[in-house]
Amino acid sequence: MYVQHQPKDEERNTKHWESIHNELKNEFGIVAYKSWLIGLKIYGFKSNGELCLSLPTEFLKDWVVNHYKKKIEKLCKQYFENVKKIDILVNKNSDFVSLDSLQSIDNFSAESSSPLDPRFTFKNFVVGKSNELAFAAARRVSENNLVSFNPLFLFGGVGLGKTHLMHAIAWDIKERDPKRKVVYLSAEKFMYEFVKSLRYRDTMSFKEKFRSVDVLMIDDIQFIAGKESTQEEFFHTFNSLVGQSKQIIISGDRAPSDLDGLEERLRSRLSFGLVGEVHKADYELRLSILHTKIEARKDVVVDDEIIQFLAKKISSNVRELEGALRRLVAHSELVNRPINLEVAKQLLHDLLKVNDRKVSVEDIQKKVAEYFNIRYNDMISVRRSRIVARPRQVAMYLSKTFTPKSLPEIGRMFGGRDHTTVMHAIKKVQELCKYDPSFAEHIKVLKKTLEL
Ligand code: ADP
Ligand code: MG
């Protein structure tokens with residue numbers, strides 16, 4: 001079933017395999033590579049174009065199949081001409097490999113904290129309306145040895161600076177007091193460490209390790225949604241640290257109350273301290289982020305026209321904005337002349353297309369909920385109280401204005417309401433706009449933010 005290879009092939013395959021390992025290391029970072037991928041071996045080539053790879057344990061195999069298989073397959077197809085797909089199996093007999101990967105896992109556990117990005121400091125964080133609360137809270141936590149709110153929970157969409165703020169807190173605390181033990185890690189890594197401690201029947205040292213820190217930061221908490229035993233363990237760690245007045249800082253993609261798949265007691269614990277939202281950057285902040293990043297690199301000049309164009313068009317998140325700028329700068333260095341608008345449009349074609357997408361009813365619901373300070377879930381809930389009913393009507397009205405959806409469709413997206421309810425909402429909003437100038441002003445502001 002497996003294909004015999006000539007010695008020359010053998011040599012070439014070994015080379016390719018090394019390159020694949022290197023690419024994996026680059027792509028996923030040294031920590032992930034050492035934890036999961038280092039023991040990945042070629043088991044054999046099948047005549048039907050399938051390449052069998054092996055890992056030493058069932059656990060590793062499951063993880064790698066779920067998280068990395070696509071990329072591995074892509075690389076294998078790229079490097080080995082005849083490979084059409086891959087399969088990963090467990091090869092317990094390869095002691096050499098398993099020893100190797102166990103060792104690497106142990107090295108890694110000595111250092112539980114993930115590395116901090118040196119660029120993610122307070123100094124490099126540009127503050128604007130959308131993130132000033134989160135920023136102030138982050139500063140407060142890092143300046144104050146006395147725990148004033150616990151936990152600090154930062155939430156918001158992707159690429160808006162949550163991780164940046166967390167790293168900044170860690171840097172700042174380390175600088176002020178190098179003796180304080182700050183541990184920063186993703187919820188995913190927390191889970192991995194926990195599962196590993198179960199596997200090695202070593203939960204005691206896991207508990208000790210996490211309960212002896214001064215500051216614990218867990219990034220992207222939404223990852224442990226639905227993972228009950230990890231949540232349970234996290235809950236205990238959490239309580240133990242709070243009990244010792246140690247600071248906890250958590251980030252998530254949603255507010256604690258909206259985190260589905262999280263146990264109620266944990267959810268309520270998470271909203272116990274200060275919950276700060278990092279909103280999408282508005283136009284002014286996007287501009288000032290671009291200016292800051294350009295100034296930081298003394299060697300580049302970018303036309304104001306281009307900067308404004310980027311700030312206007314790339315509104316989804318700061319990561320994409322940075323990426324766009326980086327691409328333009330790289331290109332202008334390559335061709336050794338400044339970029340004009342036409343070239344910028346070509347170079348950013350793909351990013352512009354994504355950012356050009358029309359507003360969805362969901363976007364509108366979120367924006368309006370945010371604006372009136374109600375929960376997103378209230379948009380679709382049955383609650384009738386005025387506090388939520390009026391914003392809901394506003395969102396229905398804006399949905400009709402900004403999307404091509406029909407009245408029944410809109411009704412359905414607001415918790416299955418009737419089209420007459422939507423009609424009524426639209427009339428009501430139009431009426432209020434006529435007679436109540438302050439209401440009309442709210443609508444104007446909302447329309448503007450949706451247009452940006
Ligand atoms: P998140 O964790 O919210 O997904 P990140 O913290 O990883 O987002 O931020 C994505 C990128 O955008 C990072 O390179 C970060 O430095 C940058 N960034 C985000 N917000 C700001 C800001 N206000 N000022 C400067 N850079 C920012
Ligand atoms: Mg992040």
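Atoms within each ligand, like the ligands themselves, are counted from 1 in listed order. It should be emphasised that the depicted structure is a prediction, and the values quoted were computed from it without experimental measurement.
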Identity and distance of the protein heavy atom lying nearest atom 4 (O) of ligand 1: G159 N, 2.6 Å
Nearest candidate to atom 10 (C) of ligand 1, where distance is taken over non-hydrogen atoms, out of K123, K162, R319: R319
Sub-4.0 Å heavy-atom contact, H167 with ligand 1: no
Residues E277, K162; criterion salt bridge (Lys or Arg N to Asp or Glu O under 4.0 Å); working and verdict: CA-CA 9 Å; E277 177 164 8; K162 300 181 298 294; over 6 Å; no
Test applied, salt bridge (charged side-chain N to carboxylate O under 4.0 Å, His left out); reference residue, D214; option that passes from K181, K246, R176: K246
F122 and F135 aromatic ring geometry - parallel, tilted or perpendicular at 30°/60° bounds: perpendicular
Mutual orientation of the aromatic rings belonging to W36 and W63 [parallel < 30°, tilted 30-60°, perpendicular > 60°]: parallel
Nearest non-hydrogen partners of K312 and R286, listed with the distance: O-NH2, 3.9 Å
Atoms of ligand 1 close to E322 [distance to a heavy atom under 4.0 angstrom, numbered from 1]: 11 (C), 12 (O), 13 (C), 14 (O), 16 (O), 17 (C)
Atoms in ligand 1 with a heavy atom of N124 nearer than 4.0 Å: 24 (N), 25 (C)
Parallel, tilted or perpendicular: rings of F210 and F206 (30°, 60°): tilted
Derivation and outcome, side-chain hydrogen bond (donor to acceptor under 3.5 Å, both in side chains), residues H236 and E232: CA-CA 7 Å; H236 294 309; E232 168 100 25; 3.1 Å; yes
N, O or S atom of T163 closer to the Mg ion (ligand 2) than 2.8 Å: yes
Numbered atoms and elements of ligand 1 in range of V158, under 4.0 angstrom, heavy atoms: 4 (O)
Proximal ligand 1 atoms for V318, defined as those under 4.0 Å from one of its heavy atoms: 12 (O), 17 (C), 18 (N), 19 (C), 20 (N), 21 (C), 27 (C)
For atom 8 (O) of ligand 1, the protein heavy atom that lies nearest, with its residue and separation: G161 N, 3.1 Å
Polar side-chain atom of R375 near backbone of D258 as donor-acceptor pair, under 3.5 Å: no
H442/Y371 under ring-ring contact (aromatic ring centres under 6.0 Å, His included): CA gap, chis, key distance, verdict: CA-CA 9 Å; H442 286 311; Y371 186 84; 5.6 Å; yes
G157 heavy atom under 4.0 Å from ligand 1: yes
For N131, atoms of ligand 1 separated by under 4.0 Å from a heavy atom: 23 (N)
For atom 23 (N) of ligand 1, the protein heavy atom that lies nearest, with its residue and separation: V126 O, 2.8 Å
Those atoms of ligand 1 less than 4.0 Å from some heavy atom in I289: 22 (C), 23 (N)
Top protein contact for atom 15 (C) of ligand 1, by heavy-atom distance: H164 ND1, 3.4 Å
Validation row: F235, N239 side chains within 4.5 angstrom (heavy atoms): yes
Heavy atom of the protein closest to atom 26 (N) of ligand 1 (residue, atom name, distance): K293 NZ, 3.1 Å
